[in-house]
Amino acid sequence: MRAERDLIRLLAGLRPELDPGRYVFTTVDGPAPTGLAPVVTVTEAEGLTLVVRQEEADAASLPYDYVAGRITLRVHSALDAVGLTAAVARELADAGLSCNVVAGFHHDHLFVEHARAEQALDLLNRLAERSGGRTG
């Protein structure tokens with residue numbers, strides 16, 4: 001499948017999918033503890049940021065203060081596509097929702113406040129419909 005670059009096609013083809021899990025952001029000095037399966041890692045000067053399932057963080061006694069829902073945009077977006085992150089972030093921001101975006105090779109992943117994840121999913125589906133896409 002070819003990665004999409006056209007913003008209108010990207011928005012119409014969002015196909016957002018909510019993962020049923022609860023995710024947290026935490027940080028460690030050194031490598032990730034054994035037994036964790038991070039979905040995201042980011043190396044920073046202050047330490048290694050991990051995004052893991054909440055139950056994994058709890059089992060490893062890792063601190064966190066933000067519990068997120070994970071929404072995957074099923075459209076295969078090109079890494080050099082322009083405007084997708086801005087359009088999605090604007091849609092959520094207009095509803096007062098924060099959004100932490102992580103780009104994978106095939107898809108973008110949005111981490112939003114877990115308590116409002118269903119609302120975020122609904123907003124993204126409506127954005128796709130307005131852009132000419134279908135849901136369901």
Side-chain angles (χ1 to χ4, degrees):
M1 178 179 202
R2 181 177 84 69
E4 185 59 63
R5 287 179 176 80
D6 180 78
L7 181 58
I8 297 301
R9 284 192 217 132
L10 284 166
L11 294 174
L14 282 180
R15 293 179 294 124
E17 181 177 285
L18 178 60
D19 183 296
R22 297 166 65 97
Y23 292 86
V24 299
F25 288 67
T26 189
T27 186
V28 296
D29 293 325
T34 304
L36 293 183
V39 296
V40 177
T41 62
V42 178
T43 302
E44 300 179 286
E46 298 85 356
L48 180 65
T49 295
L50 307 170
V51 180
V52 297
R53 288 189 176 269
Q54 184 180 19
E55 59 268 21
E56 290 181 23
D58 290 343
S61 298
L62 294 171
Y64 57 85
D65 59 7
Y66 176 72
V67 179
R70 176 185 177 187
I71 298 173
T72 298
L73 303 180
R74 302 303 304 167
V75 66
H76 184 183
S77 56
L79 290 168
D80 62 351
V82 176
L84 178 60
T85 301
V88 166
R90 170 59 57 211
E91 189 74 14
L92 298 177
D94 285 349
L97 279 156
S98 68
C99 177
N100 295 280
V101 180
V102 176
F105 185 83
H106 296 284
H107 305 287
D108 291 295
H109 306 271
L110 315 176
F111 293 89
V112 299
E113 180 185 349
H114 187 269
R116 297 182 67 193
E118 290 286 347
Q119 178 188 5
L121 184 67
D122 182 56
L123 289 166
L124 295 170
N125 276 318
R126 285 194 259 154
L127 174 61
E129 287 175 12
R130 285 195 318 270
S131 301
R134 294 179 300 224
T135 61

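Residue numbers run from 1 in the order of the sequence given.
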Whether over 12 other heavy atoms sit under 6.0 Å from Asp94 CG: yes

For the CZ atom on Arg90, are there more than 12 heavy atoms of other groups (residues, nucleotides or ligands in this structure) within a distance under 6.0 Å? no

Quick one: are Leu50 and Leu36 in side-chain contact, heavy atoms under 4.5 Å? yes

In Å, rounded to the nearest 0.5 Å, how long is the span from CG of Leu84 to CG of Leu79? 11.0 Å

Exercise: identify the closest heavy-atom pair between Gly13 and Val75: O-CB, 3.0 Å

Return yes if a side-chain donor-acceptor contact under 3.5 Å exists between Thr72 and His107, otherwise no. no

Can you tell whether the side chains of Arg53 and Asp58 come within less than 4.0 Å, N to carboxylate O? no

How long is the span from the CG atom in Leu121 to the CG atom in Leu110, to the nearest 0.5 Å? 10.0 Å

CG/Leu124 to CG/Leu92 distance, rounded to the nearest 0.5 angstrom? 5.0 Å

Work out which heavy atom in Arg9 is nearest to a heavy atom in Arg2; give both atom names and the distance. NH1-NH2, 4.2 Å

Hydrophobic clusters here meaning ILVMFWY residues chained together by side-chain heavy-atom distances under 4.5 Å, can you tell me if Leu123 and Leu11 are in one? yes

Spatial distance of atom CG (Asp108) from atom CG (Leu14) [nearest 0.5 Å]: 9.5 Å

Between Phe111 and Phe25, is the ring centre distance below 6.0 Å? yes

Check the pair Val101, His109 against side-chain contact (heavy atoms from CB on, under 4.5 Å), reporting the backbone distance first and the verdict last. CA-CA 6 Å; Val101 180; His109 306 271; over 6 Å; no

Quick one: does Leu73's side chain get under 4.5 Å of Arg15's, heavy atoms only? no

What one should report as the nearest heavy-atom pair of Ala12 and Ser131 is CB-O, 3.3 Å

Would you say that more than 12 heavy atoms from the other residues, nucleotides or ligands in this model lie under 6.0 Å from the CG of Asp29, or not? no

Could you tell me whether Arg22 and Glu56 have a side-chain N and a carboxylate O separated by less than 4.0 Å? no

Can a donor-acceptor pair be found between the side chains of Glu46 and Thr27 at a distance below 3.5 Å? no

Min side-chain heavy-atom separation Tyr64-Gln54 under 4.5 Å: yes

Checking salt bridge (Lys or Arg N to Asp or Glu O under 4.0 Å) for the pair Arg70/Glu17: CA distance, chi angles, key distance, verdict? CA-CA 8 Å; Arg70 176 185 177 187; Glu17 181 177 285; over 6 Å; no

Nearest heavy-atom pair of Ile71 and Ala120: which atoms, and what distance? CD1-CB, 3.8 Å

So if you build clusters from Ile, Leu, Val, Met, Phe, Trp, Tyr with side-chain heavy-atom gaps below 4.5 Å, do Val88 and Val112 land together? yes

Where is the tightest heavy-atom contact between Ala57 and Val24, given as atom of each residue plus distance? CB-CG2, 3.6 Å

Distance alone, cut at 3.5 Å: any donor-acceptor contact between the side chains of Glu113 and Tyr66? no

Can you give me the closest heavy-atom contact between Ala32 and Leu48, atom names plus distance? N-CD2, 3.8 Å

Kindly compute the distance separating CG (Leu7) from OG (Ser77), expressed to the nearest 0.5 Å. 11.0 Å

Nearest 0.5 Å please: distance from the CG atom of Leu127 over to the CD atom of Glu91. 4.5 Å

